[in-house]
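Worksheet for the structure shown next.
This is a predicted model, so every value here is computed, not measured. Below, chains carry the letters A, B, ... as their sequence lines are ordered, and counting in each starts from 1.
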Amino acid sequence: MKIDRRSFLSLGLGVAAGSVLSPLPWKLTDDLSIWTQTWPWTPVPKDGAVHYVHSVSTLCSGGCGIQVRKVDDRAIKIEGMEGYPGSDGKACNQCLAGIQKLYGPDHIQTPLKRVGNRGEGRFAPISWDEAMSMVAEQLKKLRTEGKSQTLGCVVEREYGTIPQLFKRFAKVYGSPNFMTMPSYLDGYEQIFKIMQGEEAIPGFDLENADYILSFGSGLVEGWGSAPRMFQANSLWKEKGVPVVQFEPRLSNTAAKATQWVPINPGAEAILALGLAHVIIKENLFHYDFVNRYSARFEAWEDGQGTEQKGFKDRVLDRYDPRYVSRVTGVPSSQIEKIAREFAKAESPIALCGRGAGHTPGAIFEFHAVHALNGLVGNINRKGGVWALPKPDYIAWPEPALDEVAKKGGDTPRVDGAGTETYPAASSLTHRLPAMINDAEESPIQVLLVHGANPCYCLPDTETVRAAFEKIPCIVSFASHMDETALMADLILPDHGHLEKYQDVPAPEGLSVPVIGLARPVVAPLYDTRHVGDTVIQLAKAMGGGMADSFPWKNYEECLRKTLGQHWKTMEEKGWFSPDFSGPDWNEAFETPTRNFVFIPERYGKDTEEAGVSPIEVEGDPITFPMVMIPFDHVRIAAGPVGNAPFVMKTIEDTLLRDKDIFVQVHPKTAGKAGLEEGVLAVLSTPKGSAKVRVHVYDGIQPGLVAVPRGLGRGSGDEFMADKGVNVNRLIGPVEDPVSGLNAAWGIRANLTIA
Amino acid sequence: MSALEEKTKAVSDGGGFPTLFFIIGLSLSLIVGWIIFPKLLYSKKQQPFDFNHVLHNEMVEDCQSCHFFREDGSFAGVPKLAQCVDCHMDIQGDTEDEAIFVNEYVIPGREVPWLVYSEQPDCVFFSHAAHVKAGGMDCKTCHGPIGQSTSLKPYEENRITGYSRDIWGYNIAGIKKNTWDRMKMDDCSECHVQMDVNQTSVQTEKGACFVCHK
Amino acid sequence: MFPGFFEWIWDGGHMLFMGGLWYALGIIGLGLTYCIFKAAIETAQGDGEGHGHGDEHH
Amino acid sequence: MKKAADHTKPKRYGMVIDLDKCTGCGACMVACFAENNIPFKKDESEKLLSITWMRVYKLSNKKKYPDTDICYLPRPCMHCEGHEGHSPCVSVCPATVTDYSTETGIVSQIYTRCFGCRYCMAACPYHARYFNWWDPVWPKGMEKMLSPDVSVRMRGVVEKCSFCYHRYQRAKDKAYVEGRTDVEEEEYQTACTQACPARAITFGDLNNPKHKVYELKQDPHAFRLLERLGTNPKVYYVSSREWVRKSGDNYLKHEEPGHIATKH
Amino acid sequence: MDSALIPKGVQRCSLGKFTLLIAVVGAVLLWGVYAMLLCWIKGLNQTNMNDYYGFALWIWADLAVIALGGGAFFTGFLKYIVGKDELKNIINYAVLIGFICYSSALLILAIDIGQPLRGWFIFWHANVHSMLTEVAFCLSCYFAVLTIEYIPLILENRQLNKVPFFHHLAHNMHGIMAVFAATGAFLSFFHQGSLGGVSGVLFGRPFGYREGVFVWPWTFFLFTWSAAAYGPSFTLMCTKILEKASGKQLVKDNVVDLLAKISGWMILTYIIAKIADTLYWALVTAPARGHTLMDFYSNNPVYGIWILVLEIVLGGIIPAIILVVPGTRRNGYLRMTAIILGVIGVSVNRWVMVLQVMAVPVMPFDFWAMYYPSWQEVATTILPVAYGIILIALSYRYLPIFPQEPELNPVD
């Protein structure tokens, strides 16, 4: 049979006709399109029963009350917990995106031992047993050598059972060097000590205040508890509460304020005293409070019997609005107007702590601002500033100290806090790097770091790194890879924030004390261990008195016992609020005179002579004609933990583009330097230089270069690592001579075209 | 040249053979399309073990005893292990399937990986509450008389789309005899049009998309 | 696309638009079928040589 | 056999956003990302390639220091009603992917129907629509955070804010199980509304006098974006600042905002 | 070697030279195909399009080639319906160009959409209110018509025509070509219009939006008109290019003159309508939405008022005058200048109606979005050009495209 072309054609036609009449082509077309609707590689989330778990998030310093939506055993989404004090149903960006930290790729999965050079980031997984015995051996060795004081502990904040376990550990081990990371709260802590004689933490009754004076505080930029501040801000809008923001740059807070008053940076203290001048001169201050409950407002006799000028005269002498106007750049008419409005308000409140409060600032500033609150008598009063007692629910028995512990504990702290020079300070961690670098042998031999990220957060990170290089043994308890963990010899990973129990004294800045409970939302995903358990087990491994001081089986038992009767409330409600009703003014102050002291003892003779002058920033004005100021942006986390991917996604393209950070300069400043919007430039300071892009912004004082904080992470997931510049690398600490706190608000800088 | 060849040539010249070839081609592709293709398109999978609905139905009130609504209005679907263990802590009867269930799933506490015949694509939002609670429909209308089954049929999976054959229906041409034969969008829409449910779309004057999609 | 589809509505827009479309498609389809059939018949009748195109096999 | 049970009064879900309260913190965006399975990639700084159903714009009064002022403006999908539901995008979609429901006033988008012609994106003056230029990828383990309430989108389709419609579906289910047919105001709130720490966003039925939005939209300082185009959006903004209100639409030199726009 | 395939009575270059040409252009084609595959496999992230620029270079190319391919339908309309019989000498070429343009347009659309495997949804789930649906339907139908018009041409190849069936088929198709052409013209009128409607109906985009009658914005009619006006110019331009390339006159002057004259008058009437439309838009439509004309042409690095001048004056008024006035029209150089200006003019118009629509900010606080295509976009846009050259070369070599060629170039 010969199959010719024609037959072949017919066959083909037949096949074609048959196909059209069969379901094959049609079904295939349909199925192919359905295939594209859910590619095999497109994840399909599994459905299940939805339920919510209440917890408190520790990702931000505010401590947001959260509820986590779960579908079966997967955590899906974080929302705010209704009724949680302060944040009440809301949460900050970091905490909202917290699920990404849980499931994200930078969650440390197992104990790690450094195998590469310091900071190189090469680690090998080891077992918990091995890791624990390595640390215990190191510690034992040090102790037997009589160098127990060379143990250092760095944590983020002092309060809560976990930092207290570290503190106790250091104490029974025999070291005074338990350190916390700097924050504006350090300033308030000292000011409460010297002006009110109290060991206290600040609470601001912002919801009831009716006039807000903010000396550069980023009230809606992460200052205190972010969600609480946003709600307070909205409340002010609803009630028409005036908010005055003094700041050299139009920040979000300034834009939200009723009035933005541009001010020369660093002159805040002088401005506050200028306002005080008007208030005193026009007799607008709170007579009752000033006359009955304060000291040294008028002239007084010192110990030697010499008469000293009182606060009133000093202020009247020196800070008349014309002078203040010259220094601060704020017109004197404005100073007078604001002072009058402030003093005449029912509950006016003056706040300080720059930006989100990551650095303390000069004690003069805290003093001057707090003196304003004193002048209007708005202390421990509805709508005022409260000195809240430090959380006292942790009432563990005093540990028995052996000889080593006593001897070591009595040695002066490495950072100088609590010494004669800086008696009011409890921690001056920013001084630690210099101390280590200046010594031949590092005064810290073993450093335990938990929750803090000194290698990123401390000023002058290059120096910090150099110091850390010198520490023979660094142990990190990080649950996510951070800059400090990268420098560690050993990482003993803590559970993630959604995998564990923890008491969270929070939220920051609230005028009533609250203790929240973080609890495991999901079972730990990896081979991690609760840091509380790790510390307890380490103590047990040390044996002897140390083991006896940690009588708990595990952390959970420790926490339950510590919270005692409150545990049940916390389990049910998610938090408890210790009884606190502020004392009357006649009992409120524990200074020797039982008064609010306008001029504290340690205010210093020298300042009396010279008056308060702005804190000078580092650098010589000729090489560095501009001044760099860091600023906080609410969409960038500048604390120990960097942005989650979702939060990275919200960062504006005028702050970060690809890997380039933008610095903000006034059009005039840009013009002078020949810079245009978006160009690459080199920002240099006495501490170093970095490649940046220029954002020309009308809302900034000419001569300044503003750099966002929180970028330039050297570790973490690909979504945040190596983007932009860490501003802490470009700025160094400036020591406040009175408090020892870091008073740097900026640094001299130059910006030139790249 | 043989006689046959001659014949062929003659026929092909006269046009008889092309018709033959046309018919051959036609029938070949019809056979492929209607018979072989459906067999190739679907892969058969067995359930982890067999399940007897009739047997269980005798012991419970109704379908919702096992396939229940949660408090939040969502539908639990195929029961989880937790529900089954109430009775099946240990082996009750003497079937091999129950033994598999208890030994392989109940004792190790493993969820049974049931293959769900009516599993819709991810883009579908199907509200059981709207149909059963608000609409008063019975299960059979969509799921068929599954309650009367004594064993589970094999699960057939479309090799291209990955979806169950029950969605398109067992008839490859997509023809249905019963309401439960198919579960495509048009089948949902047919009923929605008839019952005048959410016919609020501006574009189609039929059901708005966000009624059944998510 | 066809009456009975989910997106179909019996309104002026659909009838005009789709009517026009099917009308055009119909003409194209019918025209093409006509040409093919006619050509097939002519080929079968073998009178393909008389159209007077300037082709070589004339 | 028509069934009337499901016929609830037509609603027009919408928002009123108080720009005086909005601090530009971005919590609405983050909540939206998490709620709606929005993908994220290594670099999201190119905003024209970054999917953000809710985008917070930064407005400036363009004045010189120290008279400069800025304002943040969160922009979800406006769920334009246009003329009888013919919003800019709905009428242009060639494949009936996007639709307007007269029951809820929500503009829907069915990703599996979309074939990615992007005509709707060209039509939307608010840039509320986003294209999946890339296949969405979740780093290993992170797909655990995906919500089953919202379908994961595939490469090559357009997506946009749905007013968290799935929450309405969930709320309805709950109502049905409890023997109700309708959902209460607080039962259906969008993720951004729920998350906004400044409580600047209010969401509800613009037709229902009992809902908060009903009254808020009548604020003399309320305005809508680009009202003059006739898009008839369902998102209202309130600002006490005149320059902000003026930034909400285009005006010729001599025109004053209040007198031009057709209100409500 | 391939002389058996070459039409009788004409001369063609050597096969080697021809192969070289095809190879060179083919390399460009392959480059385009590579880019096309990248877009299909890796997705549209290969382009520089973004969420502000959802329509970009491709869609411009699409609109432009369809406008230029308008020569096919309009010449067909003139020949078969109006009865301008001289045009039979150029209609084959017009059809070929139309075929290339439309097949390219379809290919571009297939690359442009994010989910090509679902592209058929536009037919299946059609939304008849969408201009794009109309475009898709008419475009594919008209492409079918063009294919039908092109097939008999192919069948007239010397070897193919020897097959009796093909011979008859070609003959029969020629016989009822008027019916096809009429259908094609009907379809074309509509889809050219709907392409204009694509941006004209965007009431959210004041730059593109136009008022109109019923569902049709003015751009609907302007696009049809301009395609009819400029399409023949493009056919003439392609003819000239081919004449230059082959070194032979292929169409008689009277045919060229006739088509140029028709094109000229069409351009003239079109540009008057366009000016009226522009004035109405600038003085009424845009101001009612708070825009002045200059809002659309300032504050950006590219789109200045020059673009309007280029489109209307240089690309409209000037070619119209040159082609309408017999004296200037008959001057070969001036005629060619007018034709080129016209082609530029209509291309600019399509560019403006696609890319500038995307670029102009609508929200007052938004910014001009600038865009430049990625190499993948450029390559896939050049792909149709290479494909067109190859198809023209093959067709010209092996098919009797130009009936007047043997007469004008007698073989010795």
Taking [atom1] in [X] as the centre, count heavy atoms belonging to other residues, nucleotides or ligands within less than 6.0 Å. Is the count above 12?
| X | atom1 | answer |
| --- | --- | --- |
| E:Tyr372 | OH | no |
| E:Trp216 | CH2 | no |
| D:Lys58 | NZ | yes |

[X], part contacting chain D, at a heavy-atom distance under 4.5 Å:
| X | result |
| --- | --- |
| E:Met358 | side chain |
| E:Val357 | neither |
| E:Asp366 | side chain |
| E:Ile113 | both |

Side-chain heavy-atom pair [X], [Y] within 4.5 angstrom cut-off:
| X | Y | result |
| --- | --- | --- |
| E:Asn127 | D:Pro94 | no |
| E:Met131 | D:Tyr119 | yes |
| E:Lys42 | D:Asp135 | no |
| E:Arg289 | D:Asp249 | no |
| D:Leu252 | E:Pro287 | yes |
| D:Met154 | E:Gln115 | yes |
| E:Met363 | D:Tyr57 | yes |

Who wins among D:Lys246, D:Lys253, D:His127 for the most heavy-atom pairs under 4.5 Å with chain E?
->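 Most heavy-atom pairs under 4.5 Å with chain E: D:His127.
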
Between D:Cys93, D:Gly248, D:Ala123, which has the largest tally of heavy atom pairs under 4.5 Å with chain E?
->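 Counting heavy-atom pairs under 4.5 Å, the top option is D:Cys93.
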
Any chance the rings of E:Phe121 and D:Phe115 have centres within less than 6.0 Å?
->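 No: the rings miss the under 6.0 Å criterion.
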
Distance (rounded to the nearest 0.5 Å) between [X] [atom1] and [Y] [atom2]:
| X | Y | atom1 | atom2 | value |
| --- | --- | --- | --- | --- |
| D:Tyr251 | E:His291 | OH | NE2 | 11.0 Å |
| E:Phe365 | D:Arg75 | CZ | CZ | 8.5 Å |
| D:Arg155 | E:Asn45 | CZ | CG | 7.0 Å |

What part of [X] is in contact with chain E, defined as an atom under 4.5 angstrom from a non-hydrogen atom: side chain, backbone, both or neither?
| X | value |
| --- | --- |
| D:Arg129 | backbone |
| D:Ser60 | neither |
| D:Val90 | backbone |
| D:Leu49 | both |
| D:Cys117 | both |

Tell me the closest heavy-atom pair linking [X] and [Y], and the distance in Å.
| X | Y | answer |
| --- | --- | --- |
| E:Tyr52 | D:Arg55 | OH-NH1, 3.7 Å |
| E:Leu202 | D:Ala122 | CD1-O, 3.9 Å |
| D:Asn250 | E:Pro364 | OD1-CG, 3.7 Å |
| E:Val362 | D:Pro125 | CG1-CB, 3.8 Å |

Among the options E:Ile59, E:Leu132, E:Thr47, pick out the one with the most heavy-atom pairs lying under 4.5 Å from chain D.
->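 Heavy-atom pair counts peak at E:Leu132.
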
Sub-3.5 Å donor-acceptor pair from the side chain of D:Glu46 to the main-chain atoms of E:Asn50, do we have one?
->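 Flag not set: sc D:Glu46 to bb E:Asn50 has no pair under 3.5 Å.
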
How about D:Trp133 and E:Asp51: does a side-chain donor come under 3.5 Å of a side-chain acceptor?
->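 Per modelled atom types, D:Trp133 and E:Asp51 side chains form a pair under 3.5 Å.
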
Do the ring planes of E:His129 and D:His86 sit parallel (below 30°), tilted (30 to 60°) or perpendicular (above 60°)?
->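 Correct class here is perpendicular.
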
